[in-house]
Amino acid sequence: QGHMVESGGGLVQAGGSLRLSCAASGSIFSDNVMGWYRQAPGKEREGVLCSSFSGLNIFYAGSVKGRFTASRDNAKNTVYLQMNSLKSEDTAVYYCAAKRACSGGALTYDYWGQGTQVTVSS
């Protein structure tokens, strides 16, 4: 799965914000686009979005459009997921992941991290 480490998860009230970070090894970061997916308790994994090399966000989950934004810092080999206006249904373990291009399946990745828990209280 390569070397990718997420951080920034936690407990937040509905309507609040969190920013997740994902640090990747240099080769993974430079050669791949970065994306995020999530898995809520008792539910299947859900693709959230993919951030292209140019920073364009391709949304897989319509429910987060307008609230979530991904960005990448090439100097730090890090991708961020800014989550605003959080809802209880956003509660899940969030995983960052990497693949060669945003095209293809929302859950098709070559590398992924261990995940970070996000809990939104209503």
Side-chain angles (χ1 to χ4, degrees):
Q1 286 75 1
H3 187 64
M4 303 179 68
V5 180
E6 301 98 335
S7 61
L11 175 65
V12 63
Q13 288 188 333
S17 298
L18 275 177
R19 188 177 79 158
L20 306 183
S21 300
C22 174
S25 64
S27 60
I28 291 176
F29 190 87
S30 62
D31 293 345
N32 294 278
V33 298
M34 308 295 285
W36 294 86
Y37 64 92
R38 64 187 180 183
Q39 187 164 25
K43 295 187 178 180
E44 296 185 351
R45 292 181 302 158
E46 177 187 34
V48 177
L49 57 74
C50 181
S51 181
S52 70
F53 287 111
S54 65
L56 178 68
N57 286 182
I58 293 94
F59 290 92
Y60 299 131
S63 62
V64 306
K65 196 170 185 179
R67 301 188 297 121
F68 290 13
T69 303
S71 59
R72 54 191 290 155
D73 186 333
N74 293 330
K76 296 182 179 180
N77 291 345
T78 298
V79 63
Y80 303 99
L81 181 64
Q82 178 67 44
M83 305 184 294
N84 299 325
S85 302
L86 283 162
K87 305 175 181 180
S88 57
E89 52 262 43
D90 295 319
T91 294
V93 177
Y94 284 73
Y95 300 85
C96 71
K99 56 184 175 180
R100 296 305 299 268
C102 288
S103 58
L107 295 174
T108 303
Y109 287 97
D110 299 312
Y111 308 95
W112 53 90
Q114 83 289 348
T116 186
Q117 176 71 46
V118 171
T119 303
V120 184
S121 62
S122 57

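- Considering Leu49, Val79, Thr78, Asn77 as possible partners of Met34, the one that fulfils the side-chain contact (heavy atoms from CB on, under 4.5 Å) test is Val79.
- For the pair Ala24 and Met4, the tightest heavy-atom approach, listed with the atom from each and the gap, is CB-CG, 4.2 Å.
- Every residue was checked against the side chain to side chain contact (heavy atoms under 4.5 Å, CB included) condition with Asp31, not counting sequence neighbours, and none meets it.
- A donor-acceptor contact shorter than 3.5 Å links the side chain of Arg72 to the backbone of Phe29.
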Problem - Intermediate values then yes/no, side-chain contact (heavy atoms from CB on, under 4.5 Å), Tyr95 and Tyr109 - result: CA-CA 11 Å; Tyr95 300 85; Tyr109 287 97; over 6 Å; no
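- Leu56 CG to Ser51 OG: the interatomic distance, rounded to the nearest 0.5 Å, is 7.5 Å.
- When all heavy atoms are compared, the tightest approach of Gln82 to Ser17 is NE2-CB, 3.9 Å.
- Using modelled atom types, one side-chain atom of Glu6 and one backbone atom of Gly115 make a donor-acceptor pair closer than 3.5 Å.
- Annotation: side chain to side chain contact (heavy atoms under 4.5 Å, CB included) contacts of Thr119 (sequence neighbours excluded): Leu11, Thr91, Gln117.
- A pairwise comparison of heavy atoms in Arg38 and Ala92 identifies CB-CB, 3.8 Å as the closest pair.
- Partners of Ser103 according to the side chain to side chain contact (heavy atoms under 4.5 Å, CB included) rule, which considers only residues two or more places apart in sequence or in another chain, are Ala101.
- Smallest separation of non-hydrogen atoms from Asn32 and Ile28: ND2-O, 2.9 Å.
- Between Leu20 and Gly9, the shortest heavy-atom distance links the atoms CD2-N, 3.5 Å.
- Residues Val12 and Tyr80 do not share a hydrophobic cluster, defined by chaining ILVMFWY side chains whose heavy atoms lie under 4.5 Å apart.
- Put simply, the side chain of Met83 does not reach to within 4.5 Å of the side chain of Asp90, judged on heavy atoms.
- For the atom pair Ile58 CD1 and Lys65 NZ, the distance stands at 10.5 Å (nearest 0.5 Å).
- The ring-ring contact (aromatic ring centres under 6.0 Å, His included) test applied to Tyr94 returns no partner, not counting sequence neighbours.
- Inter-residue side-chain proximity for Trp36 and Phe68 is flagged as unmet; no heavy-atom pair is nearer than 4.5 Å.
- Summarising the hydrophobic clusters (Ile, Leu, Val, Met, Phe, Trp, Tyr; side-chain heavy atoms under 4.5 Å, direct or chained), the residues clustered with Val33 are Phe53.
- Side chain of Lys99 to backbone of Gly35: no donor-acceptor contact under 3.5 angstrom is found.
- Judged as a side chain to side chain contact (heavy atoms under 4.5 Å, CB included), and not counting sequence neighbours, the contacts of Ser88 are Ser122.
- Across all their heavy atoms, Arg67 and Ser85 have their closest contact at NH1-O, 2.9 Å.
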Practice task
Begin with the C-alpha distance, continue with both residues' side-chain angles, and end with the deciding distance and a verdict on side-chain contact (heavy atoms from CB on, under 4.5 Å) for Cys102 and Tyr60.
Solution key: CA-CA 10 Å; Cys102 288; Tyr60 299 131; 4.3 Å; yes
